[in-house]
Amino acid sequence: MLQDLITANLSGQPRGIYSVCSAHGLVLEAAMEQALADGTPLLIEATANQVNQFGGYTGMRPVDFFDYVMTLADGVGLDSARVLLGGDHLGPVCWQAETAETAMQKARDLIDAYVAAGFSKIHLDCSMPCTDDRLPLADKIIAARAADLCSVAEEAAKRRGNKSKIVYIIGTEVPPPGGAREAIAELEVTAPSQARNTIALHRAAFEKLGLTKAWQRVIGLVVQPGVEFDHTSVIDYQPAKAEKLKALAEEAGGIAFEAHSTDYQTLQSYRQLVRDHFAILKVGPQLTFALREALFALSHIEEELPGIAQKSNLRYVCEQRMRDQPKYWQAFYKVAAEQLPLYRNYSYSDRIRYYWPDEEVQQASARLLHNLSDKPIPLPLASQYFPEEYREIREGRLSNEPHALVKARIRKVTAAYAEACWKQ
């Protein structure tokens, strides 16, 4: 399915696919409802630090995440055959504090676990150095390690009986997984010479290990098209700067581009990215940013309503848990102390997304949704905090119910991606 889509894109058809990078149930349900309404496939990806053989920060192994996604799809009514699962940044990223030998062995186990669980899109990313690597890490070593992991994936797929269904992404992104750590003024688009070198080195490394057939299933190269966001601003796509890179895709032998950090771009930018052969558009923080917007709006509504005996205090709980456990934001938000609450709660980087699995935050979220589910939200409050969704409620297109309001806000994001990928 993905290979056919890439072929169509490279032949000039304005077709692409957006990749949902989130593990939150409401985000995934919203994306599934979008795909169901559009009659399209849905690509969902997990990152190595989010889901791995040790549980990751979600507490889920690859097989757990696979089952979790398919259970949600069944509940929404989306055919599991239309749900594609991918693994992002699969390599030694989680074990950079170890030697290359031990980190790569864990990366091999990671790859094996993903493919054995049923993931079919594998991003081979070995760009990160380990403790005993010489810096900067040589491109040839990066490619050799990626080929090593590909051989593991091929063996795992052979055991599963679906070897021909595994497709690969090579290359890495700028900045590293997790997002920008500082304000960004402008970005350099990946140089075509650098992209050619990455492809050539990976092809040679694959062929050296006898992975010629696997190379035919390399469908994407991660590049920097010149889009990014930091904590409070967005760098928008400028097609003119990517002209030379666009031309490269047309000569790269069936390999299109995968664009990371495309969150918060305009609809016109998404359309142009797809037309310029950035056929795979990754979105993650913008989805949980929309989730956070909706949940915080509901928390304001909850505070305004009388007669609720035990309120959730969701915003307070989130802030307190982030202060108590600062490991997911402290290294990213290098700002004055008085600015930290603003960044913790409202940054485009959305580091708050790492706290939704927290037990106390989950309890507060559940109580909030429960408290507002007994009866419809008063329409004036819906208008105040959900103005776009309010119009949909008044027109009879949306249920006046908290879960529906949250998912409607998230679908404002997925709808823009769907428009660019499927409806041009």
Do [X] and [Y] meet the criterion of a side-chain donor-acceptor pair at a distance under 3.5 Å?
| X | Y | result |
| --- | --- | --- |
| Asp358 | Gln325 | no |
| Gln320 | Asp324 | yes |
| Tyr168 | Glu154 | yes |
| Asp74 | Thr71 | no |
| Thr232 | Tyr346 | no |
| Asp125 | Thr172 | yes |

Requested in this report: Show the numbers, then the answer: is there a salt bridge (charged side-chain N to carboxylate O under 4.0 Å, His left out) between Lys282 and Asp263?
Outcome: CA-CA 8 Å; Lys282 311 276 280 195; Asp263 309 68; over 6 Å; no
Would you say that [X] contacts [Y] through its side chain, given a criterion of any heavy-atom pair below 4.5 Å between the two side chains?
| X | Y | answer |
| --- | --- | --- |
| Lys121 | Leu84 | no |
| Gln34 | Arg411 | yes |
| Gln96 | Pro129 | yes |
| Val51 | Tyr114 | yes |
| Phe278 | Tyr270 | no |
| Thr99 | Met104 | no |
| Cys318 | Ile352 | yes |
| Asn197 | Leu201 | yes |

Requested in this report: Output all residues satisfying side-chain contact (heavy atoms from CB on, under 4.5 Å) with Met70, sequence neighbours left out; order by chain, then residue number.
Outcome: Phe66, Ser80, Val83, Leu85
Query raised in the report: Residues two or more places apart in sequence or in another chain: which of them pass side-chain contact (heavy atoms from CB on, under 4.5 Å) with Gln268?
Result: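 Scan of Gln268 (side-chain contact (heavy atoms from CB on, under 4.5 Å), adjacent residues dropped) gives Thr266, Arg271, Gln272, Arg275.
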Report task. Kindly say whether the aromatic ring centers of Tyr348 and Phe229 come within a distance under 6.0 Å. Result ->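 No, the ring of Tyr348 stays outside the 6.0 Å limit from the ring of Phe229, centre to centre.
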Query raised in the report: Would you call Arg159 and Asp112 a salt bridge, using N to O less than 4.0 angstrom?
Result: yes
Requested in this report: Please determine if Asp109 and Lys106 form a salt bridge, counting it only when a charged side-chain N lies under 4.0 Å from a carboxylate O.
Outcome: no
Within 6.0 angstrom of [X] [atom1], more than 12 heavy atoms from elsewhere:
| X | atom1 | answer |
| --- | --- | --- |
| Lys213 | NZ | no |
| Arg196 | CZ | yes |
| Glu251 | CD | yes |
| Tyr316 | OH | no |
| Arg61 | CZ | no |

Query raised in the report: Got a donor-acceptor contact below 3.5 angstrom from the Ser349 side chain to the Arg351 backbone?
Result: no
**Report entry** Side-chain (Arg82) to main-chain (Thr40) donor-acceptor, under 3.5 angstrom
**Finding:** yes
Query raised in the report: Can you check side-chain contact (heavy atoms from CB on, under 4.5 Å) on Leu298 and Val406, steps first, answer last?
Result: CA-CA 9 Å; Leu298 289 174; Val406 172; 3.6 Å; yes
Query raised in the report: side chain to side chain donor-acceptor pair (under 3.5 Å) between Asp88 and Thr47: does it pass, once the steps are laid out?
Result: CA-CA 5 Å; Asp88 202 20; Thr47 61; over 6 Å; no
Residues which pass side-chain hydrogen bond (donor to acceptor under 3.5 Å, both in side chains) with [X], listed by chain and number, not counting sequence neighbours:
| X | result |
| --- | --- |
| His370 | none |
| Asp79 | none |
| Asn313 | none |
| Asn9 | His277 |

Query raised in the report: Parallel, tilted or perpendicular: which fits the ring planes of Tyr385 and His300, with parallel below 30° and perpendicular above 60°?
Result: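 Ring orientation of Tyr385 relative to His300: parallel.
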Report task. Using the six-membered ring wherever Trp is involved, compare the ring planes of Tyr354 and Tyr328 and label them parallel, tilted or perpendicular (cut-offs 30° and 60°). Result -> parallel
Can I get a per-line list of side-chain donor-acceptor pairs under 3.5 Å for residues 202-212, giving both atom names and the distance, sequence neighbours left out?
unit_1: His202; atom_1: ND1; unit_2: Thr198; atom_2: O; d: 2.8

Query raised in the report: Can you list the steps and then say if Glu302 with Ser312 is a side-chain contact (heavy atoms from CB on, under 4.5 Å)?
Result: CA-CA 8 Å; Glu302 180 192 41; Ser312 68; 2.7 Å; yes
**Report entry** Working for salt bridge (charged side-chain N to carboxylate O under 4.0 Å, His left out), residues Glu155 and Arg108
**Finding:** CA-CA 11 Å; Glu155 283 300 315; Arg108 293 184 193 102; over 6 Å; no
Looking at residues at least two apart in the chain, or sitting in another chain, which of them share a salt bridge (Lys or Arg N to Asp or Glu O under 4.0 Å) with [X]?
| X | result |
| --- | --- |
| Arg315 | Glu303 |
| Arg391 | none |
| Glu33 | Lys407 |
| Arg409 | Glu293, Glu389 |

Requested in this report: Have a look at His231 and tell me which of Tyr264, Trp329, Phe332, Tyr333 forms a ring-ring contact (aromatic ring centres under 6.0 Å, His included) with it.
Outcome: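 The single option meeting the ring-ring contact (aromatic ring centres under 6.0 Å, His included) with His231 is Tyr333.
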Report task. Could you walk me through whether Trp422 and Tyr18 pass the side-chain contact (heavy atoms from CB on, under 4.5 Å) test, one step at a time? Result -> CA-CA 10 Å; Trp422 301 112; Tyr18 57 95; 3.9 Å; yes
Query - Verdict with supporting geometry, Val115 and Ile122, side-chain contact (heavy atoms from CB on, under 4.5 Å) - result: CA-CA 8 Å; Val115 176; Ile122 303 297; 4.0 Å; yes
Query raised in the report: What pairs of residues pass the side chain to side chain donor-acceptor pair (under 3.5 Å) test when at least one of them lies in residues 128-138, not counting sequence neighbours?
Result: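 Residue pairs with at least one partner in residues 128-138: Asp133-Arg145.
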To the nearest 0.5 Å, what is the distance between [atom1] ([X]) and [atom2] ([Y])?
| X | Y | atom1 | atom2 | value |
| --- | --- | --- | --- | --- |
| Gln194 | Gln224 | CD | CD | 10.5 Å |
| Asp276 | Lys246 | CG | NZ | 4.5 Å |
| Phe257 | Ile219 | CZ | CD1 | 13.5 Å |
| His24 | Glu29 | NE2 | CD | 10.0 Å |

Requested in this report: Could you tell me which non-hydrogen atom of Thr288 sits nearest to which non-hydrogen atom of Ser22, and how far apart they are?
Outcome: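 Result for this residue pair: CG2-OG, 3.9 Å.
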